[in-house]
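If you're wondering where the values come from, they're calculated on a predicted model, not measured in any experiment.
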Amino acid sequence: MLKNPQLIVDIPSRPIRCRLMSDGNFDFAIEAATEGFFVPSAKLLDTLAKVDRIGVIYDWGGTEKQIVLAYGDGVLVMITGTPRIAKGGFLFMLSKTLETP
């Protein structure tokens, strides 16, 4: 129970940036082909085009192992939050934009 619920209700809402279309199934997120250290170059909710760079996986010695690219056009709705990534670990997921205000 909130002590002062009116404080929550009175917070002005932010304008809608875009509406996304997805079933929310993260089973289709793109997986890492190798283990290593993931350094993202894209941010959550960035609008990407096919083959835009999302990031790079480096091995523990700093050698580039996998360049991670967008598989199509969409909005980045999930990106791994930890730098260490295992082979087969989820890297990112895109969603289609339904509309933009």
Side-chain angles (χ1 to χ4, degrees):
M1 296 296 189
L2 298 172
K3 190 173 186 178
N4 295 310
Q6 69 278 6
L7 296 178
I8 302 298
V9 175
D10 293 340
I11 296 173
S13 61
R14 294 187 215 169
I16 295 173
R17 210 166 117 186
C18 64
R19 294 188 193 277
L20 303 173
M21 181 176 63
S22 175
D23 63 3
N25 187 349
F26 283 88
D27 289 341
F28 299 112
I30 298 304
E31 298 176 356
T34 185
E35 73 169 9
F37 193 83
F38 177 65
V39 178
S41 52
K43 298 183 310 285
L44 197 61
L45 296 180
D46 279 353
T47 300
L48 302 170
K50 187 174 184 175
V51 304
D52 279 351
R53 184 181 283 226
I54 293 176
V56 177
I57 298 175
Y58 297 93
D59 69 12
W60 306 117
T63 303
E64 190 176 276
K65 298 301 280 185
Q66 179 185 351
I67 298 173
V68 180
L69 303 174
Y71 54 82
D73 299 343
V75 177
L76 190 61
V77 294
M78 187 279 286
I79 189 165
T80 186
T82 57
R84 184 177 179 156
I85 192 77
K87 182 177 180 178
F90 291 148
L91 286 171
F92 74 94
M93 191 167 120
L94 298 176
S95 173
K96 296 291 183 190
T97 302
L98 187 58
E99 64 181 63
T100 303

Self-check item: CG-CD1 distance between L91 and I57, expressed to the nearest 0.5 angstrom
Solution: 4.5 Å

Using atom types as modelled, flag every donor-acceptor pair under 3.5 Å from a side chain in residues 80-90 to any protein atom, sequence neighbours excluded.
none

Quiz item: Can you tell me how far the CD1 atom of I79 sits from the OG atom of S41, to the nearest 0.5 Å?
Solution: 7.5 Å

Self-check item: Distance, nearest 0.5 Å, that separates CG of D73 from CG of D52
Solution: 8.0 Å

Quiz item: Does I54 share a hydrophobic cluster with V77, counting links as ILVMFWY side-chain heavy atoms below 4.5 Å and allowing steps through other members?
Solution: yes

Self-check item: Residues I67, R53; criterion side-chain contact (heavy atoms from CB on, under 4.5 Å); working and verdict
Solution: CA-CA 7 Å; I67 298 173; R53 184 181 283 226; 3.7 Å; yes

Exercise. Indicate if L45 and L48 have the same hydrophobic cluster label, given that clusters are the connected sets of ILVMFWY residues with side-chain heavy-atom separations under 4.5 angstrom.
Key: yes

Exercise. State, with a plain yes or no, whether a side-chain heavy atom of F38 is found less than 4.5 Å away from one of V68.
Key: yes

Quiz prompt | Sequence neighbours excluded - ring-ring contact (aromatic ring centres under 6.0 Å, His included) pairs with any residue from residues 44-87 | solution = Y71-F92

Quiz item: What are the two closest non-hydrogen atoms of Q66 and E31, and how far apart are they?
Solution: NE2-O, 4.5 Å

Quiz item: Looking at CG of L76 and CE of M93, how far apart are the two atoms once the value is rounded to the nearest 0.5 Å?
Solution: 10.0 Å

